[in-house]
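Input: a single structure, listed below in structure tokens.
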Amino acid sequence: MLFGLKTELQKRLRSNGVLLRESLSNPELKQYSVIILDEAHERSLNTDILLGLMKRLIKHRASDLKVLITSATLDGLKVSNFFSGCPVLNIPGTIFPVEKFYSTDRPTNYIESSLRTAIDIHVKEAPGDVLIFMTGKDDIDKMVSKLEERIQNLEEGSCMDALVLPLHGSLPPEQQVRVFSPAPPNCRRFIVATNVAETSLTVDGVVFVVDCGYVKQRQYNPSTGMYSLDVVEISRVQADQRAGRAGRTRPGKCYRLYPSSIYQKEFLEATIPEIQRTSLAGSVLYLKSLNLPDIDILKFDFLDPPSRESLEDALRQLYLIDAIDESGQITDVGRLMAELPLDPSLSRTLIEANELGCLSQALTVAAVLSAEITLRQTRSKEMEGKRKRQQLPDGSGWGDHVQLLQIFESWDQADYDPRWCSDHDLQVRGMKFSKDVRNQLSQIIQKIAKGPTDLQARRGRKSDPDYRKLRRALCVGYGNQLAERMIHHNGYHTVGYRTQLVQVHPSSVLEGDEYGKLPVYVVYHELINTTRPFMRNVCGVEQTWVKPILKKLEKLNINKLSGGSSALTDSGPLEEKQPGSPTKAAAAKQSDVDSKIQAARERYLARKGKK
DNA sequence: CATCAGCGC
């Protein structure tokens, strides 16, 4: 059985995520003789966990298991070393050479610079489509309209026709597929894209690539618990991947809007893998649930280890939501949580909701949050002129989780009519996705829950008008993400082993009391640092529900949590403890990762500031 | 008062 091969069989094969889940019930994966990890260069969180697990597994099954790791760009030697010198096979691709051109300086404005480059290509070069890499939707929109304008202004008949197409993930599917139809005769296509075009989507016909050298990347800071979405420099691997997009049909050209010296000296060799940029609570819980003997999370052998700080952060979070006990052992609740393909906080919420009798509502909330549907704002004035957007439910003052529940319930009442979504300015795709996720979650939880309760989407409202049960379940599930209001204003500070000053995100529907005061305690779905630190998706909770969490916080002891028996906790830092052992590589310093990201970001900002 | 990538199935 093969996994994740890109063939028409893909649907019958297993994805990384599914293999992980399967490994949960059958850690030895005895039913498989060959396991293929495909697209390993993308270094997704699941790939990295699987790499570590495979390394363990082949020790036990050296005779009857083969592991094949395929990658477009991953450093073969590094992986070979990780797997104690396993053979590396190079399969030459049928890729055509791509000539690279560097600019002499970093442009102060890469949109303008991309624009000039694109026009230059159009006027001077032979036929062939142009792929332009930008960082986000705003840049793409700007680029598309300016490019169209400049092409219009070119002398009539001086060059071939042009078609400019945007391409990014939040584009409706019917617009995305436009890039797959070939250019009309005597017409050059310009595809202005985000990173989707770097790995996920392959656009045929591209001969020229324009690469601004930046990418938008989400990072998690384990010392603050905060996420941010930053524009950072790409890595050399990414730059080469982008260039390679020009050479799929014939020899191509890549215009890099940065000097070769920057590519050589400033760019990181490879992109920082996701495992070093995300919260590890889910992964740590998963590893704990495997029941592998002798497994010590802090010593787990990762290809690129996450920081110790990040692992400890995960342990603290898991403890606060009852997934592990104070000595770091997985609990019964934790085992149930690991069965659900959700963030630990949402899994915990579902389990609590089942106890409290509001499972159906919690399922909906979990599904909608997983789909990350975006509620577009009414700010566009032209819209208001044309047609008034229909009113969305408002969460009845309790906050965003309740609002998301109400939105889904309304859609359910409209018999899941896609027009209901567009009438309410909601992305049909996101809503459909949440419906699918909800169905899947229902099936899983019916298997694992004791005495399953109602799962119908519409029930539960009349019996609990204040959403008390749901909010209580959320309070338990988000015990790791609790905040307390300041006495005199509506700012909050997070409650936990680290305290941050934060505010409710302005888009929240949470309401104050008659004096305008917000609830004393709230739980939040995530902390996001944009212009300031914000709590996104907030739910008001009651003081009495918070007490058990505060108690747990008092008892929290990271030395015990990280598994008291471990040599790690007895004395000094790991790196000094066991030089030369496999653990020496473990738990890279978070500050190393941070400073890399920070440096890449600062270089971007410094350049942006110049313009 | 904000925004922001892609992935998932």
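All chains are named by letter (A, B, ...) in the order of the sequence lines, taking the proteins before the strands, and each is independently numbered beginning at 1. Keep in mind that what you see is a predicted model, and the values were worked out from it rather than measured.
The listed nucleotides are B/dC9, B/dC4, B/dA2; the one nearest the side chain of A/K216 is B/dC4. Across B/dC7, B/dA5, B/dC9, the shortest atom-to-atom separation from the side chain of A/L229 is found for B/dA5. Of all nucleotides listed (B/dA5, B/dT3, B/dC7), B/dA5 comes nearest to the side chain of A/R218. Out of B/dG8, B/dT3, B/dA5, the shortest distance to the side chain of A/F534 is found at B/dT3. Considering only the side chain of A/E372, B/dG8 comes nearest among B/dG8, B/dA5, B/dA2. Of the listed nucleotides (B/dC9, B/dT3, B/dA2), B/dA2 has the atom at the smallest distance from the side chain of A/P506. Between B/dC4, B/dA2, B/dC9, one nucleotide has an atom nearer to the side chain of A/Q440 than all others, and that is B/dC9.
Rounded to an integer number of Å, the gap from OH of A/Y220 to P of B/dC7 is 24 Å. A straight line from CZ of A/F133 to C1' of B/dA5 spans 13 Å, rounded to a whole angstrom. Summarising the geometry, the separation between CD1 on A/I140 and P on B/dT3 is reported as 19 Å, rounded to the nearest angstrom. Atom CD in A/Q219 sits roughly 11 Å away from atom C1' in B/dA5 (whole-Å rounding). A straight line from CG of A/L167 to P of B/dA5 spans 13 Å, rounded to a whole angstrom. Rounding to whole angstrom units, NZ of residue A/K142 and P of B/dC4 are separated by 15 Å. For A/E42 and B/dC7, the CD to P distance is 9 Å, given to the nearest whole Å. One atom, CG of A/D48, and another, C1' of B/dC7, lie 15 Å apart when rounded to the nearest Å.
A cation-pi arrangement is not found for A/R256 relative to A/Y110, the charged atom failing to lie both closer than 6.0 Å to the ring centre and inside a 45° cone about the ring normal.
Among pairs with a residue in residues 189-202 of chain A, those fulfilling salt bridge (charged side-chain N to carboxylate O under 4.0 Å, His left out) read A/D129-A/R189, A/E198-A/R242, at least two apart in sequence or across chains. Under the salt bridge (charged side-chain N to carboxylate O under 4.0 Å, His left out) criterion, the residue pairs touching residues 516-532 of chain A are A/R218-A/E526, A/E526-A/R536, with sequence neighbours excluded.
Not less than 6.0 angstrom separates the ring centroid of A/Y524 from the ring centroid of A/Y492.
Look at A/T530 and you'll find a side-chain N or O under 4.0 angstrom from OP1 or OP2 of B/dT3. For A/H505 and B/dT3, the shortest distance from a side-chain N or O to OP1 or OP2 is below 4.0 Å. A sub-4.0 Å separation between OP1 or OP2 of B/dA2 and a side-chain N or O of A/S507 is absent.
Between A/F534 and A/H505, the ring-plane angle classifies as perpendicular under the 30° and 60° cut-offs.
A residue-by-residue look at A/S170 and A/R532 shows that A/R532 has its nearest nucleotide of DNA chain B further toward the 5' end.
Within 4.0 Å (heavy atoms only), A/T531 reaches at least one base atom of the nucleic acid.
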